[in-house]
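Since the structure comes first, as structure tokens, the remarks are kept for the end.
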Number of protein chains: 2
Amino acid sequence: MATIYEVSSLAGVSLATVSRVINNNARVSDKTRQKVEKAMSELGYRPNSIAQSLASNCTNSVGILVSELHGPFFGQMMAGIEAELRAAGKHVIITPGHSEEDKEKEGIDFLISRNCDALIIHVEGLTDEYLIELSKGKTPIYFMSRIIPDLKENCIYLDNELGGYLATKALIEHGHTNIAYIGGPQFKPDSQNRLTGHKRALAEHKIPFNDTLYVEGDFKETGGKKGLKHFLNAKTPFTALVCANDEMASGAMTYAREHDFSLPKDLSIIGFDNIIFSRHIYPKLTTINNPVDEMGKMAAKLVLKNVYHHKDLIINHSFDPALIERDSIAYLGK
Amino acid sequence: MATIYEVSSLAGVSLATVSRVINNNARVSDKTRQKVEKAMSELGYRPNSIAQSLASNCTNSVGILVSELHGPFFGQMMAGIEAELRAAGKHVIITPGHSEEDKEKEGIDFLISRNCDALIIHVEGLTDEYLIELSKGKTPIYFMSRIIPDLKENCIYLDNELGGYLATKALIEHGHTNIAYIGGPQFKPDSQNRLTGHKRALAEHKIPFNDTLYVEGDFKETGGKKGLKHFLNAKTPFTALVCANDEMASGAMTYAREHDFSLPKDLSIIGFDNIIFSRHIYPKLTTINNPVDEMGKMAAKLVLKNVYHHKDLIINHSFDPALIERDSIAYLGK
DNA sequence: TTGTAGGCGTTATCAC
DNA sequence: GTGATAACGCCTACAA
């Protein structure tokens, strides 16, 4: 591979001048610039990014930690981040944290040891305290789908409370008043806030919150099945069900169908996240849109602005969910 | 950040010795090793991976090109590759090619310019010739889900013909003889081979292949819808449908239900790939397992063996698909 | 505008 | 077994 040195001697200029045309950050006369460019193309010269990184102390790489590499939710998130970053010539190093404290720590260490210029992480197992401590290090860290009060400027998050509110409100507007709720793991703030929104919608319509119509799930298909089973056994009547994410909604649908419910007539169900397959399942799932791809892009912009000094980027830290109406909610009595 | 130089002076040894204990590739006396290790931990020393890369001409990174960052198929693939590689301390740089020739080229260039030690790519828009030419460069390239005859040792692939055969055979064994087929884009060898397998199963059971019961799809949901619509309009009777992937099967199911088919009674459907949501849709989709995660791991092993000289890894280049029986096939007449 | 020279933090090749 | 010292390929004051 040709080096900058060979280019300089072929072009008859110095190393420094070649470097200048590569980075075009200093004035070079048109004439010499052309000589250099000609030499570069003749040699098929490509800058060695490793050497650039060592000398400039900038790797042009940002580390991404997601819970899983597969799965619709993180897929959208990664796609959003990567697209935005790559358009700026940066690359992503992606690693999964599996929602476990140890693995998340390890993943972060791994990314930092790779000299990433910044990290964008979605962690669920780590405490705010740990993350605040981490942020004192030399690598800037940004947080997806999480609010850390002391680091709010580094966070991109969804208004989950609003989402929970919208979901339940949609059900109420279809005439339902006996509404069951399968929540996410309550150690996750997202789950808590969605539930809070649910309660607000109920309160706003003078519907009392009924403890027997709430159960905590696991954000997975089985959580939906178990949750619905629990409610059915409990015998408290209900005509509608909100699931704190789409996977659980899908599980609940499967369970309902296995028990001869005709959907949505016998039970209205609403999900949360609007993951891709929500429109593939039957009946097509009414849900709350979670704009993860946009949020991913915004996180990338945040990095571009703060770390790579791209000016003129406007940052929104908070995103709003929205109702996606499809076929899984029926009017009560219809 | 502490450097190797500071460690050496604190430990009272030379640079070279510190380097030796870091890489433990040469004999160092226990006594000096301990001195060095003590100094390292006292200083909180972490080797600078960039400098290591420059000096050793090895970045410990492998570039991954997939068609999409989201989507169940590539999610599994990435997860498999990453898990295996990271266990060996390597990291992945992932970038999407969007199945388009230009973007795939660009993505590969991008990865190579990042000095990846090797590439694992899943490309659909690039020709064998181009890839063979590319393989003459200094970066070793491995191919997922593709057979390039001249580069077979660098390929990990599925026996798609067998998969196509198994799908149609399953239908036949349920009594079906009028079987429609929605294929994938025929410029893709995968699609061609699945179709070939379909024909073999038919021939083996003396069922003639009927042109009017074949249509080419796009591997997406809409392809399934359009395909089924086409068959329904054509009026050639059929009782079963094989779709060359699960997305199309899902689309076909949706379309069938919109036209008042009771599934699987009125129409048996089988998919291909066994992507995650195939078990979420209703009825649960019978399909052909495509072990992408295992194939991803194997591709990673191939890199570990050939590029990073891990001995004793056994490589399987070819993987077999298998039938996954669920609920979307009915016995004919039942 | 252009050139010189030192430095980025390691690894690797020699001697000893 | 250990220590100098020259790469690795580029960036960036500083000088001219």
Side-chain angles (χ1 to χ4, degrees), chain A residues 1-40 43-61 89 112-117 138-139 308-309, chain B residues 1-40 43-61 89 112-117 138-139 308-309:
Chain A
M1 206 58 192
T3 72
I4 198 174
Y5 184 80
E6 297 168 42
V7 175
S8 77
S9 80
L10 179 61
V13 298
S14 74
L15 281 192
T17 302
V18 179
S19 174
R20 285 179 189 113
V21 351
I22 292 172
N23 301 293
N24 64 192
N25 50 8
R27 309 229 157 281
V28 177
S29 74
D30 275 4
K31 204 172 158 186
T32 50
R33 152 165 283 118
Q34 280 166 20
K35 278 196 300 190
V36 172
E37 280 170 350
K38 181 155 170 284
M40 292 202 298
L43 292 169
Y45 169 77
R46 314 277 278 149
N48 179 324
S49 61
I50 296 298
Q52 288 178 317
S53 296
L54 184 62
S56 66
N57 195 30
C58 165
T59 61
N60 287 309
S61 73
I112 290 178
S113 80
R114 289 306 189 180
N115 290 56
C116 294
D117 296 331
K138 101 175 205 297
T139 309
Y308 296 115
H309 310 107
Chain B
M1 205 57 191
T3 73
I4 198 174
Y5 183 79
E6 298 169 41
V7 175
S8 77
S9 81
L10 180 60
V13 299
S14 74
L15 281 192
T17 301
V18 179
S19 176
R20 285 182 188 110
V21 352
I22 293 172
N23 300 294
N24 65 191
N25 49 9
R27 310 227 157 281
V28 177
S29 74
D30 274 3
K31 205 169 155 190
T32 51
R33 154 166 282 115
Q34 279 166 20
K35 277 195 301 187
V36 172
E37 280 170 351
K38 181 153 170 284
M40 291 201 299
L43 291 168
Y45 169 77
R46 315 280 276 149
N48 179 325
S49 62
I50 296 298
Q52 288 178 316
S53 297
L54 184 62
S56 66
N57 197 28
C58 166
T59 60
N60 288 308
S61 74
I112 291 179
S113 80
R114 289 305 188 181
N115 289 58
C116 294
D117 297 331
K138 99 175 207 297
T139 309
Y308 296 116
H309 311 107

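Letters A, B, ... mirror the listed sequences (proteins, then strands); counts begin at 1.
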Open item on the list: What contact category does Ser53(B) fall into here, base, sugar-phosphate, or nothing, at under 4.0 angstrom with non-hydrogen atoms?
Closed with: nothing
Task: Criterion side chain to side chain contact (heavy atoms under 4.5 Å, CB included) on Gln52(A) and Ile22(A), from CA distance to verdict - done: CA-CA 11 Å; Gln52(A) 288 178 317; Ile22(A) 292 172; 4.0 Å; yes
Open item on the list: Rounded to whole Å, please give me the gap between CG in Asp30(A) and P in dT1(C).
Closed with: 10 Å
Open item on the list: Quick check for you: to the nearest 0.5 Å, what is the distance between Leu15(B) atom CG and Ser9(B) atom OG?
Closed with: 9.5 Å
Open item on the list: Rounded to whole Å, how long is the line connecting atom CG of Asn115(B) with atom P of dT10(C)?
Closed with: 19 Å
Less than 3.5 Å apart, which donor and acceptor atoms pair up between the side chains of residues 30-38 of chain B and the rest of the protein, not counting sequence neighbours?
| residue | atom | partner | partner atom | Å |
| --- | --- | --- | --- | --- |
| Thr32(B) | OG1 | Ser29(B) | O | 3.0 |
| Thr32(B) | OG1 | Ser29(B) | OG | 2.9 |
| Lys38(B) | NZ | Glu42(B) | OE2 | 3.3 |

- [ ] Would you please confirm or rule out a distance under 4.0 Å between OP1 or OP2 of dT1(C) and any side-chain N or O of Ser29(A)?
- [x] no
Open item on the list: If you compare every side-chain N and O of Thr32(A) against the phosphate oxygens of dT2(C) (OP1, OP2), does one of them come in below 4.0 Å?
Closed with: yes
Open item on the list: If you define the side chain from C-beta out and look only at heavy atoms, does anything of Asn60(B) sit under 4.5 Å from Tyr308(B)?
Closed with: yes
TODO: Using whole Å, report how far CG of Asn60(B) lies from C1' of dT11(C).
DONE: 13 Å
Task: Residue pair Arg20(B) / Ala26(B): nearest heavy atoms and the distance that separates them - done: CD-CB, 3.9 Å
Task: Contact letters for nucleotides 7-15 of chain D, in which S counts primed atoms plus P, OP1 and OP2 and B counts the base, heavy atoms under 4.0 Å - done: -BBBSBB--
Task: Terminal axes of the helix from dT1(C)-dA16(D) to dC16(C)-dG1(D) (five pairs each): angle between them, nearest 10 degrees - done: 30°
Task: Separation of atom CG in Asn24(B) from atom C1' in dT11(C), rounded to whole Å - done: 15 Å
Open item on the list: Could you tell me if the side chain of Ser14(A) sits less than 4.5 Å from the side chain of Ser8(A), heavy atoms only?
Closed with: no
TODO: Rounded to the nearest angstrom, tell me the gap between atom CG in Asn57(A) and atom P in dG6(C).
DONE: 21 Å
Task: Member of Val21(A), Thr17(A), Asn23(A) meeting the side-chain contact (heavy atoms from CB on, under 4.5 Å) criterion with Ser19(A) - done: Asn23(A)
Open item on the list: Given 3.5 Å as the limit, does a donor-acceptor pair link the side chain of Thr59(A) with the main chain of Asn115(A), or not?
Closed with: yes
Task: Chi angles and distances behind the side chain to side chain contact (heavy atoms under 4.5 Å, CB included) call for Ile4(A), Tyr45(A) - done: CA-CA 8 Å; Ile4(A) 198 174; Tyr45(A) 169 77; 4.0 Å; yes
